[in-house]
Structure formats: C-alpha cells, structure tokens
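What follows is a short report on a single structure.
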Amino acid sequence: MTTVEAHKETLDFQTEAKQLLQLMIHSLYSNKEIFLRELISNAADAADKLRFEALSDSALYEDDSELKIHVGYDKDARTITIRDNGIGMSRDEVIDNIGTIARSGTQQFLQSLTGDQARDARLIGQFGVGFYSAFIVADRVTLTTRRAGMGAEHGVRWESRGEGDFTIETVEKTGRGTEIVLHLREGEDEFLDGYRLRNIIHKYSDHIDIPIMMPKEATGDEKAEGEEQVNKASALWTRPRNEISDEEYREFYKHVAHDFEDPLAWSHNRIEGNLEYTSLLYIPKRAPFDLWDRERRHGIKLYVRKVFIMDDAEQLMPNYLRFVRGVIDSNDLPLNVSREILQQSKVIDSMRSGSVRKVLDLLESLAKNDPEKYATFWSGFGRVMKEGPAEDFANRERIAGLLRFASTHNDDDSQNVSLADYISRMKEGQKEIYYITADSFNAARHSPHLEVFRKKEIEVLLLFDRVDEWLVSSLTEFDGKPLKSIAKGELDLGELEDKEEKKQQKKIAKEFKELVKRVTDALGERVKEVRLTHRLTESPACLVSEAHDMGANLERILREAGQEIPASKPILELNPEHPLVLKLRDEQPGKRFDDWVEVLFDQALLAEGGQLDDPATFVGRLNALLLELSK
C-alpha cells in the first residue's frame, strides 16, 4: 500500500469568496436551516455525476454501487456530519470548487448587494451558495474527500473557519466520496437533535432520489442501533401529478434551481407516443443576476431513464427561454449520450419543440388567468422574451402575443400593453401598429414624432429597451397588422387623414418650395433630403430615416457596442406652421439664415436622442442668435 505524502498548505480564499462568506453568515441567518438542504443537494449532485461517469467506466463504483447520503450528529463533540459516496473531488477540484468562486459575474453580483438583509438574502439565493451555507451554523468546517477512481492515498482534507484562509492537505481515505463535518457555533445546539434534522430533510429534501440515511432514534428504554432511510428517495418527476403537493413541487424547484425563493409557476408533463419523456419545467420568480452573462448556464437537467446525464443542457431550451429551470427525463436517448450527439439528435429536437410549447402554454395561461403574476414574470424576463421572435420563427406569433410594451395609452413606463390590446383600440381605418424606438422612456415619450399622433389620439407603442431594435427587425407584423416606425419614411396616415387636410398639405408644399431648397443648400452633405412634414404640431423640425434605412437609435447602439457603422444621412422635416420656420422663410440669405438652419438641425438631432459633433459651436451659435433677438 502506498503511503500518504505529507502535503499540507494554507491558502487564502479568493477575495470574492471572503465577501460571500461574510454575507452568508449575516444575511441568511434568519433562514439558517437551509444549510442542510444545500449540503444534501450537493451530495445528490455528486451521486448523479458518479452515475453518469460510471456509464463509461463502471470501475468507478469500486464495488460499491449502492449510492447513499448519510446524515449524523454528535452532541458531545457538537458536530453534524454529511457523508456521501458520490464522485468525490481531487485536490485541484477542492481548491477550484471551494477556495474560489469560479463563476463569471461574481464581482457584479457582489456590487449589487445593498445591506438590506431580506433583499440580499434573495440575491444570494439567486447566486447559488451551496457549500458556503455551512458557515451559517458552523464556525469551523472540515471536508474530507477522494475522487472515484483514484487511490486511497489521494484523499484530501480541507478545513476553514471561514475567516479568510483555509488549509488543505493530502490524507488517506479508503472510500470514495465526500464527508463534511460542521463544528457548530455557540447557540446552534437546536441542530443536535435527530428529530429536528429529520424535519428539515422532510421539508426540503424528501424528493432527493437517493436514500438519505440517519441513525435510528431510541424509543423509551430501547437502545437504537443501525440506520434508517428518512426520505422517499423517488424521482419526484416520475410520480403522478395528483400525488405531489404544491409544497413538494416548490422544494424540488429550490433543489434543482439552487434558489431560495418559491417558483412563480411550473408545468409537469408526461409525453407518450412516438417519443416518451417527462418534463418538469419551472418559471423562477426573479431573474438571476447573471441572466445577461454570455457564459451563464442554462437551467435544464437531462436524465435518461432516471439516470442523470448532464446539467445545463442548452440543446433542450432555446436561448430566449434560458431562465427556465427543471428536468427532462427521456426514455428514448441512449445512456451514453454526449453533447455532440445532442446537437444532431431528432429525439432532442422533438423534445425541445414539445418543451417550448409547454413553456409557452404556461406563460399564456399566466397572462390570461393571473395578470399580476404575469406582470411579475415580465418585469424579470420581458427583455429576454423579446429575443424570441428572431430566434424561434415557428413560434413567432405566440411569442409576439406574450410581449408587453409601454404606450401612449397609459403614458407611463409600465410595460403592460399587449399587441392584442393595441389592436383592440385601433382607430377606424387604421391599418398599422405604430411604434417608436428610443434609448429611454422619456426620450420616446417626448419625441416630436409623436405630436400628430397625440393630436389625433392614435396610440403609439413606446419601445425603449435596447433589444427592441432587434425585435422590430424580426417582428414585422402581428395578427395581419404591419408594425410601422413613426420615425421612418414619409408619414401617411391613410384613412386617418381627411381629404381637406391632404389638399392643404399640397398647397403649403408649393408655398414653401423655395425655403426647402435654401435649407437644403445650407446643410449640404449633412442631410439626404429636406422636406415639409405634417407629423409635427409643436416642434419646428425633426429628423427621420428612410423607410428601409437603419434607424438612428440602432446606429447608436451598434456604435456603442464597438461596431463600425457607415454614417447614414438623415432627412430633415420642417413644420411649416411653426413660428421659427415662418421666421426662417422671411430671413434673407446669409450667415444668420445659415445659423438658424444649423440650430434647427442640431435641435432636431438632440430631440431624437442624438449627440452633437461640436456642442460648443452649437451653444455659441444659439447664444449669438438669442443676443440678436434681444436687441
């Protein structure tokens, strides 16, 4: 037998890990019993991973294929022990998984904490604390582990008081798996009680699909010997829906999603026919902090005939539904399935299509029957859903029906107007769904392009999320009604304008023909065209794009993202009824005329959210004109 080399070192926690440890102790103290749920959940994950790796290497079981989790306590030593015979960890894995937080976005997460304990506890739950929860009740934690397939001499012992550093050493460990010993803080003796621990396990971990064992409790004068199973140990998703309580569904969600809060809604389905699979899919109540992180994990666990295959199986859910959590268990896939096989599997394609339908069914049901819950969903995940029409052509109309927007109907920034709501309020003769995009709600709400629409009481959708530009490029119509930007192309309200108005517009165009030419000459290459408009009622001028050109807001977004976009020339539209434009018509050619034209152009650029190339010149020119007017 090989002897163990003494190899002990003291290492510092990663900075973020130190901060998280302190947060764990202070923010989650009011719900401290969750430490047992988290540690049992980790042990169950370790068992799942062993099952999966053993599919291709059965020797990893080391003649011990009966997977179990053991929970025990010692009143005299004031310790609680959680032990599993799962996959275990190597020395490097211990350092990576426990000494650091190997997740992108950690710093961003920590910066989002406020000091409000209730709110911070929710955020920490979204982050997924796992092992660190041990320090809620323990002032010293000792972890001993050995990875399956490695010799007994490759055992690893990790120990820390959670104060900034930890020790790690090589030890001998006969059995594979992990044992965690919690040395309890003063005042935490309530957990040195078998019935208390059993109640916590029943409450949070009854659904864990491997046995959780505890020492039998003595009854009366009889001395108890041996262990007993304290959970149901059946995969919850395989049980009939009518046998599962809402509380069991909620606790399973917390296990599978590593979330502290209850889910918003769930859908449990068994599909039989050409394909056989079971899905249990959850909508979280709040968006995780890393929802927009490109390296974030998807939330679906894949099982084959109750055998865990992989976490975050991105092939099972499209990107715009990346917030969905849960499990899918297939009877048709091979046990040795790989990520490469998943990418080319018709079975996976069918399961994905079916699961997407179930999620959309669930969201449609929420939107129809529980608007308050749907509003909660939309506030967290609305921007992600707006990615859907471009990504999922087959379900584009259904996704569009789930979208919500702000509009001039309510005139506030609440996104609670559906496209169906809009259509139900369309004016007689109105054939298009009007919208405007901007980089903020106020920029959209106060856009000069809205003026004639407000005058005629025509509703306009106010789109101010960055993703909205991509949304409207892929969602061009809904329920047979085209979507039309009010900041692109010439304004044609069709039947919403009467013949007299159109006749008057033609008459005015002749009267201002000379002015339009002079303004065009003054601006030269800065504009594609100058023309009169009837879309303005209060502003002297505005900028618009050609109907099929890229909008100014999208141009700005792409430039901010570092993309090189060829500059497009806007169209300047003048309001012939505005006093400034009337004054300009009477102005003689020369420098003052040119200055007035430049000021009108720059004002129009600012009003639509643009930036001036030379703000100082604009201010100087405006001040000079104001001084002249004051004489």
Side-chain angles (χ1 to χ4, degrees), residues 436-451 462 464 466 469 485-488 512 514-533 535-546 549-631:
I436 185 167
T437 58
D439 59 5
S440 70
F441 167 69
N442 281 328
R445 181 190 182 196
H446 297 128
S447 170
H449 299 94
L450 286 172
E451 291 173 6
L462 307 176
F464 50 88
R466 290 173 77 89
E469 290 285 1
S485 169
I486 64 169
K488 284 187 175 186
F512 281 78
E514 178 64 24
L515 174 64
V516 168
K517 183 179 183 307
R518 290 170 61 197
V519 173
T520 303
D521 292 342
L523 289 172
E525 291 298 308
R526 293 187 70 183
V527 293
K528 180 179 282 189
E529 183 188 347
V530 178
R531 64 194 183 203
L532 296 183
T533 185
R535 76 174 85 223
L536 301 175
T537 60
E538 298 171 6
S539 302
C542 69
L543 297 181
V544 298
S545 305
E546 286 280 26
D549 283 357
M550 184 183 294
N553 189 50
L554 180 55
E555 274 191 29
R556 286 192 292 273
I557 291 172
L558 293 175
R559 285 202 183 96
E560 286 171 14
Q563 295 193 35
E564 289 188 22
I565 305 297
S568 62
K569 296 176 185 177
I571 297 166
L572 177 67
E573 294 191 341
L574 301 174
N575 176 4
E577 297 179 0
H578 196 279
L580 277 177
V581 176
L582 293 170
K583 180 176 176 57
L584 193 63
R585 185 179 62 172
D586 299 332
E587 188 72 40
Q588 294 301 309
K591 183 177 183 304
R592 200 162 85 151
F593 176 85
D594 291 345
D595 283 349
W596 273 117
V597 170
E598 292 285 352
V599 166
L600 281 179
F601 180 87
D602 287 346
Q603 283 183 337
L605 180 62
L606 289 171
E608 59 105 46
Q611 289 186 320
L612 300 178
D613 287 335
D614 189 354
T617 298
F618 168 74
V619 171
R621 189 179 281 132
L622 184 61
N623 287 342
L625 290 170
L626 289 172
L627 280 171
E628 278 194 44
L629 289 173
S630 66
K631 289 176 184 177

To the nearest 0.5 Å, what is the distance between [atom1] on [X] and [atom2] on [Y]?
X: Leu543; Y: Glu573; atom1: CG; atom2: CD; answer: 9.0 Å
X: Glu469; Y: Thr437; atom1: CD; atom2: OG1; answer: 3.5 Å
X: Leu600; Y: Leu605; atom1: CG; atom2: CG; answer: 12.5 Å
X: Leu532; Y: Leu515; atom1: CG; atom2: CG; answer: 7.5 Å
X: Ile571; Y: Cys542; atom1: CD1; atom2: SG; answer: 10.0 Å
X: Leu622; Y: Trp596; atom1: CG; atom2: CH2; answer: 7.5 Å

Which atom names give the shortest non-hydrogen contact between [X] and [Y], and what distance separates them?
X: Leu612; Y: Pro615; result: O-CD, 3.7 Å
X: Ala541; Y: Leu572; result: CB-CD1, 3.9 Å
X: Phe618; Y: Val599; result: CE1-O, 4.1 Å
X: Pro576; Y: Thr533; result: CD-O, 3.4 Å

Do side-chain atoms of [X] reach the backbone of [Y] as a donor and acceptor pair under 3.5 angstrom?
X: Asp595; Y: Arg621; value: no
X: Arg535; Y: Ile486; value: yes
X: Ser447; Y: Ala443; value: no
X: Glu451; Y: Glu538; value: yes
X: His449; Y: Val544; value: no

**Report entry** Criterion side chain to side chain contact (heavy atoms under 4.5 Å, CB included) on Phe601 and Val527, from CA distance to verdict
**Finding:** CA-CA 9 Å; Phe601 180 87; Val527 293; 3.4 Å; yes
Query - Residue Glu577 excluded, over 12 heavy atoms near CD under 6.0 Å - result: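 No, not enclosed.
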Requested in this report: For Asp614, look at atom CG and say whether over 12 heavy atoms of other residues, nucleotides or ligands are found less than 6.0 Å away.
Outcome: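 Yes, enclosed.
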**Report entry** Pairing of Arg526 and Glu598 as salt bridge, 4.0 angstrom limit
**Finding:**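 A salt bridge links Arg526 with Glu598.
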Query raised in the report: So does Glu546 pair up with Lys488, basic N to acidic O under 4.0 Å?
Result: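 Lys488 and Glu546: not salt-bridged.
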Query raised in the report: Would Leu574 and Leu536 count as a side chain to side chain contact (heavy atoms under 4.5 Å, CB included) if you check the C-alpha gap in whole Å, the side-chain angles of each, and the deciding distance to 0.1 Å?
Result: CA-CA 8 Å; Leu574 301 174; Leu536 301 175; over 6 Å; no
Requested in this report: Would you sort out whether Arg518 and Phe593 count as a side chain to side chain contact (heavy atoms under 4.5 Å, CB included), showing the intermediate values?
Outcome: CA-CA 9 Å; Arg518 290 170 61 197; Phe593 176 85; 3.2 Å; yes
